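Input: a single structure, listed below in structure tokens.
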There are 2 protein chains.
Amino acid sequence: MKQYDHPLTQDLQLSCLLYALSDPFRLEVVRKLALCQPQPCAPLQDGRPKSSVSHHFSVLRKAGVIRTDVVGVTHMNSLREQELESRFPGVLAAILAAARAGDVPA
Amino acid sequence: MKQYDHPLTQDLQLSCLLYALSDPFRLEVVRKLALCQPQPCAPLQDGRPKSSVSHHFSVLRKAGVIRTDVVGVTHMNSLREQELESRFPGVLAAILAAARAGDVPA
DNA sequence: CCGTTAGTTCGACTATAGTCGAACTAACGG
DNA sequence: CCGTTAGTTCGACTATAGTCGAACTAACGG
């Protein structure tokens with residue numbers, strides 16, 4: 001059961017975090033993850049091909065935004081909220097709040 | 001005395017803001033601007049050619065991060081702090097705090 | 001074992017962003 | 001007016017990011 005490498009909290013870069021969150025699709029993934037964790041990739045695909053989705057999860061993983069745990073055949077993703085909070089206090093929380101507020105209510 | 005167009009506060013996009021701040025040079029400019037406003041472009045150039053610097057200021061301007069006022073021959077830049085705070089509460093403040101903390105002390 | 005599920009990796013393509021020199025521009029100073 | 005200052009615009013280049021189909025992989029279910 002191969003697992004993923006995740007960068008150490010102390011090695012996270014603010015600019016990489018902001019970059020990872022600056023893509024609307026990734027921001028949306030993060031917003032949805034915040035509502036329900038952990039969650040596999042599949043329900044977050046939003047109609048995109050798996051290879052694209054996989055790429056975006058990889059960006060989020062490398063920026064330290066999410067952790068991915070392999071559980072059987074599914075890959076469970078969760079936000080590294082506490083770690084991000086300790087490294088960049090308030091940043092993720094404020095961005096999540098703004099993302100929620102900017103939500104277009106259907 | 002031609003002035004610049006600045007996007008309206010209500011039209012600002014979170015992803016554009018994060019994108020604008022995800023470039024290390026631009027983040028540095030914003031960090032320095034926060035310490036001393038308003039400020040012309042020149043002291044923030046950091047050895048780069050003027051055309052590159054101008055490009056980055058333009059990105060920050062279009063994302064709504066800075067306002068540029070033409071005063072005589074210099075262009076005075078300031079952060080749109082209150083507007084960003086009302087649109088995306090806490091976001092810029094948290095990012096600035098993290099940027100300050102991440103400063104490499106010389 | 002074999003099929004299925006869930007996701008990754010590869011490779012080719014496209015589009016966009018950043019870089020920088022050169023020419024330009026707008027306002028001031030004398 | 002003419003030079004200077006401060007920055008913009010243009011254009012060409014390079015590099016990187018995102019997209020997606022195709023082939024692959026790892027674990028489970030029966």
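First the proteins, then the strands, lettered A, B, ... as listed; each starts at 1. The shown structure was predicted, so the numbers you read here are calculated from the model rather than taken from an experiment.
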Handout entry: Any-strand Watson-Crick or G-U partner of D:dC24, both distances under 3.5 Å
Key = C:dG7
Exercise for the section: State, yes or no, whether a side-chain contact exists between B:Asn77 and B:Gln39 at a heavy-atom distance under 4.5 Å. Expected result: no
Exercise for the section: Would you state whether a donor and an acceptor, one from the side chain of A:Ser52 and one from the base of D:dG18, lie under 3.5 Å apart? Expected result: no
Practice task
Calculate the interatomic distance between A:Ile66 atom CD1 and C:dG7 atom P; express it in whole Å.
Solution key: 11 Å
Handout entry: Close side-chain approach of A:Val53 and A:Leu44, heavy atoms under 4.5 Å
Key = no
Fill in the blank from the handout: Separation of C:dA6 atom C1' from A:Asn77 atom CG, nearest Å, is 12 Å
Practice task
Quickly work out the A:Asp23 CG to C:dA17 P distance and round it to whole Å.
Solution key: 12 Å
Exercise for the section: Taking atom CD of A:Gln82 as the centre, report whether more than 12 heavy atoms of other residues, nucleotides or ligands fall under 6.0 Å from it. Expected result: no
Exercise for the section: May I have the distance from A:Leu21 (atom CG) to D:dA17 (atom P), rounded to whole angstrom? Expected result: 16 Å
Practice task
Look at the side chain of B:Tyr19 and decide which nucleotide, out of C:dA17, D:dA6, D:dC20, has an atom nearest to it.
Solution key: C:dA17
Problem - Per A:Ser51 side chain, nearest of listed nucleotides C:dG18, D:dG21, C:dA6 - result: D:dG21
Completion exercise
Rounded to whole Å, the CG-C1' distance (A:Leu18 to D:dA17) equals 17 Å
Exercise for the section: Tell me which nucleotide among C:dC20, D:dG21, C:dT8 gets nearest to the side chain of A:Pro49. Expected result: D:dG21
Exercise for the section: Evaluate the side-chain proximity of B:Lys62 to B:Tyr4: yes if any heavy-atom separation is below 4.5 Å, no if none is. Expected result: no
Problem - 5' precedence on DNA chain C between A:Val73 and A:Ser54 (nearest-nucleotide basis) - result: A:Val73
Handout entry: A:Leu84 and A:Leu12, any side-chain heavy atoms less than 4.5 Å apart
Key = yes
Practice task
Could you check how far NE2 of A:His75 sits from C1' of D:dA27, rounded to whole Å?
Solution key: 9 Å
Completion exercise
Ordered by number, residues from residues 56-65 of chain B within less than 4.0 Å of DNA chain D (heavy atoms) are B:Arg61
Handout entry: A:His56 and A:Phe25 aromatic ring geometry - parallel, tilted or perpendicular at 30°/60° bounds
Key = tilted
Problem - B:Arg26 side chain near C:dG18 phosphate (N/O to OP1/OP2, under 4.0 Å) - result: yes
Exercise for the section: Report yes if a side-chain nitrogen or oxygen of B:Tyr4 is closer than 4.0 Å to either non-bridging phosphate oxygen (OP1 or OP2) of D:dG7; otherwise report no. Expected result: no
Exercise for the section: Go ahead and name the base partner of D:dC1; Watson-Crick or wobble counts if both distances stay under 3.5 Å, otherwise write none. Expected result: C:dG30
Handout entry: Euclidean distance, atom NZ of residue A:Lys50 to atom P of D:dA23 [Å, nearest integer]
Key = 14 Å
Problem - Between C:dG7 (P) and A:Gln39 (CD): distance, integer Å - result: 10 Å
Problem - B:Arg48 side-chain N/O to C:dT19 phosphate OP1/OP2 under 4.0 Å - result: yes
Problem - Closest approach of B:Gln37 to B:Leu33 (non-hydrogen atoms, all atoms of both residues) - result: CG-O, 2.6 Å
Completion exercise
Against the side chain of B:Thr74, the closest entry in C:dT19, C:dG7, D:dG7 is D:dG7
Problem - More than 12 heavy atoms of other groups within 6.0 Å of B:Asp5 CG - result: no
